[in-house]
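One structure is given here, and the rest of the page talks about it.
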Amino acid sequence: PMTSRRGRLLPALLAVALFAACSGGDPIAPSGEPQAVAIVQGSGQAARYGTLLPVTPRVIVSGEGGPLVDYPVAFTVVSGGGTLTGASARTNTEGVATLGSWTLGPTPGDNSIRATAGTKGVTLTATALTGPPSAFVIVAGNGQTVSTSQRAPVAPVVQVTDGNFGVSGITVTFTVTGGDGTVTPSTGVTDADGRASTVWRMGPDAGANAITAAATGLPAVTLGATAVPLVISAFTAVDGDNAVAFVNNFADRLPRVEVRDQLNAPVEGATVTFAVQGGGGSVPFSSVATDLDGRATPGAWRFGAAGPQSL
């Protein structure tokens, strides 16, 4: 009986020992080369240029059997000029590798880094933003001399910055403060470079003209100009001379003239009279005001009888 009992216990003890050997300790981690690297967190962030991103980038590395444990991952800067700490990392028991830190580059714009494991990798992105508005400066258009009632040839341009770079999306208001001129438009929004502009037309009288540009929370800036009496000093044909056409047909080139003032600036709003002088032709518009470029055209020129034509 004793021998029989021992015979029955031995297989049972062997089964227990075999089970313990198979189930005890840590599971065997998948091995081999990475098949994929995926983002866990840290991509798509936005912060001021030159600052540390609040969410630390993390990626997961997977092989054929699942996440790879203790596998080396290299983080590198791709664009934006940022800096990294802990760029050489290894995956943990879940196959996740964590970068030490990511500080954005020194200028606003797109930033990106690459996490690489073996031959696989993934790119994480971030946006470096400008700081809050802190300065308001004149870029162009100050101190000009312009004929009365004419546009300033150099458009007024102002810029909102954070002290280093232009800030976009800031509303700027332009107001005439001297000379009875006009600005169009009277409000604008700063562009990607932090700039806003307007068209400034002098008042009807000679003398000092001024406009003020203002943005909420910033000191306003004033641009000045001097208006002088308008004197037309140049009147030239810029197109249409020596044109040709069949009898009673339109000239092959449209007649166009240009008016400039004593400052060699185009004169807007000057009245130009077109009159047929020879050939018996016709024009649809005999009196035309010059456009923004100081130019005017009669719209067309129909030739008359065969022979020389003049306008």
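Counting heavy atoms from C-beta outward, Pro34 and Thr119 have side chains that stay 4.5 Å or more apart. By the 4.5 Å heavy-atom criterion applied to side chains, Asn164 and Tyr49 are counted as neighbours. Using a 4.5 Å heavy-atom cutoff, the side chains of Val96 and Thr91 are not in contact. At least one side-chain heavy atom of Arg90 sits under 4.5 Å from a side-chain heavy atom of Asp70. In this structure the side chain of Thr216 never reaches within 4.5 angstrom of the side chain of Thr171, judged on heavy atoms. Proximity of Asn92 to Thr98: side-chain heavy atoms (C-beta onward) are nowhere separated by under 4.5 Å. Looking at Pro57 and Ile113, their side chains come closer than 4.5 Å, going by heavy atoms from C-beta outward.
Here the CG atom belonging to Leu129 is positioned 10.5 Å from the CG atom belonging to Asp162, to the nearest 0.5 angstrom. Interatomic distance, Phe136 CZ to Ile170 CD1, rounded to the nearest 0.5 Å: 10.0 Å. For the atom pair Phe274 CZ and Ser282 OG, the distance stands at 14.0 Å (nearest 0.5 Å). Remark: Arg195 CZ to Gln159 CD distance equals 5.0 Å, nearest 0.5 Å. We find the CG-CD distance between Asn264 and Gln262 to be 10.0 Å, quoted to the nearest 0.5 Å. Atom OH of Tyr71 and atom OG of Ser62 lie 12.5 Å apart (nearest 0.5 Å).
Within the structure, salt bridge (Lys or Arg N to Asp or Glu O under 4.0 Å) contacts touching residues 136-157 (residues at least two apart or in different chains) are Arg151-Glu268. Listed by first then second residue, pairs satisfying salt bridge (Lys or Arg N to Asp or Glu O under 4.0 Å) with a partner in residues 95-115 number zero, not counting sequence neighbours.
Put simply, the side chain of Thr190 gets close to the backbone of Gly169: a donor and an acceptor are under 3.5 Å apart. A donor-acceptor pair is defined here as one N or O able to donate and one able to accept, closer than 3.5 Å; such a pair exists between the side chain of Thr198 and the backbone of Thr184. One N or O on the side chain of Asn209 and one on the backbone of Gly203 form a donor-acceptor pair closer than 3.5 Å. Remark: the backbone N or O of Asp261 is paired with a side-chain donor or acceptor of Ser233 at under 3.5 angstrom. Although no hydrogens or angles enter the test, the distance criterion places no donor-acceptor pair under 3.5 Å between the side chain of Glu94 and the main chain of Pro67. Using a distance-only test at 3.5 Å, with no hydrogens or angles considered, no donor-acceptor pair links the side chain of Thr125 to the main chain of Ser43. Remark: side-chain polar atoms of Thr130 are not paired, donor with acceptor, to backbone N or O of Val167 under 3.5 angstrom. The backbone N or O of Gly32 sits nowhere less than 3.5 Å from a side-chain atom of Glu64 that would complete a donor-acceptor pair. Not a single donor-acceptor pair under 3.5 Å links the side chain of Gln41 to the backbone N or O of Ile39. For the pair Arg302 (side chain) and Gly281 (backbone), a donor-acceptor distance under 3.5 Å is absent.
Closest heavy-atom contact between Val37 and Ala117: CG2-CB, 3.9 Å. Across every non-hydrogen atom of Leu223 and Val158, the tightest pair is CD1-CG1, 4.3 Å. When all heavy atoms of Ser101 and Thr85 are compared, the closest pair comes out as OG-OG1, 2.5 Å. Nearest heavy-atom pair, Glu258 versus Arg295, reported as atom, atom and distance to 0.1 Å: OE2-NE, 3.0 Å. Residues Phe303 and Ala251 share a closest heavy-atom pair of CE1-CB, 3.7 Å. Contact record, Gly81 with Asn111: N-OD1, 4.5 Å, taken as the closest heavy-atom pair.
In this structure, Ile60 is not a member of the same hydrophobic cluster as Val69, with clusters built from ILVMFWY side-chain heavy atoms closer than 4.5 Å. Side-chain heavy atoms closer than 4.5 Å link hydrophobic residues (I, L, V, M, F, W, Y) into clusters, and following such links, possibly through other members, connects Leu311 to Phe235. Side-chain heavy atoms closer than 4.5 Å link hydrophobic residues (I, L, V, M, F, W, Y) into clusters, and following such links, possibly through other members, connects Met202 to Val176. Cluster annotation: Phe165 is not connected to Leu218 through the hydrophobic network of ILVMFWY side chains, with a link wherever side-chain heavy atoms come within less than 4.5 Å. A continuous path of Ile, Leu, Val, Met, Phe, Trp and Tyr side chains, each step under 4.5 Å between heavy atoms, connects Phe285 with Val259, placing both in one hydrophobic cluster.
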Residues Asp205, Asp180; criterion side-chain contact (heavy atoms from CB on, under 4.5 Å); working and verdict
CA-CA 8 Å; Asp205 300 320; Asp180 199 27; over 6 Å; no
Report the C-alpha separation of Val221 and Val137 in whole Å, then their side-chain angles, then the decisive distance to 0.1 Å, and conclude whether the side-chain contact (heavy atoms from CB on, under 4.5 Å) test is met.
CA-CA 7 Å; Val221 295; Val137 296; over 6 Å; no
Can you check side chain to side chain donor-acceptor pair (under 3.5 Å) on Thr175 and Thr212, steps first, answer last?
CA-CA 5 Å; Thr175 305; Thr212 296; over 6 Å; no
For side-chain contact (heavy atoms from CB on, under 4.5 Å), just list the numbers for Thr103 and Leu52, CA-CA rounded to whole Å, side-chain angles, deciding distance to a tenth of an Å, and then say yes or no.
CA-CA 4 Å; Thr103 299; Leu52 181 71; 3.6 Å; yes
Could you walk me through whether Thr297 and Val288 satisfy the side-chain contact (heavy atoms from CB on, under 4.5 Å) test, starting with their C-alpha distance in whole Å, then the side-chain angles of each, then the deciding distance to 0.1 Å, before giving a yes or no?
CA-CA 7 Å; Thr297 175; Val288 182; 5.8 Å; no
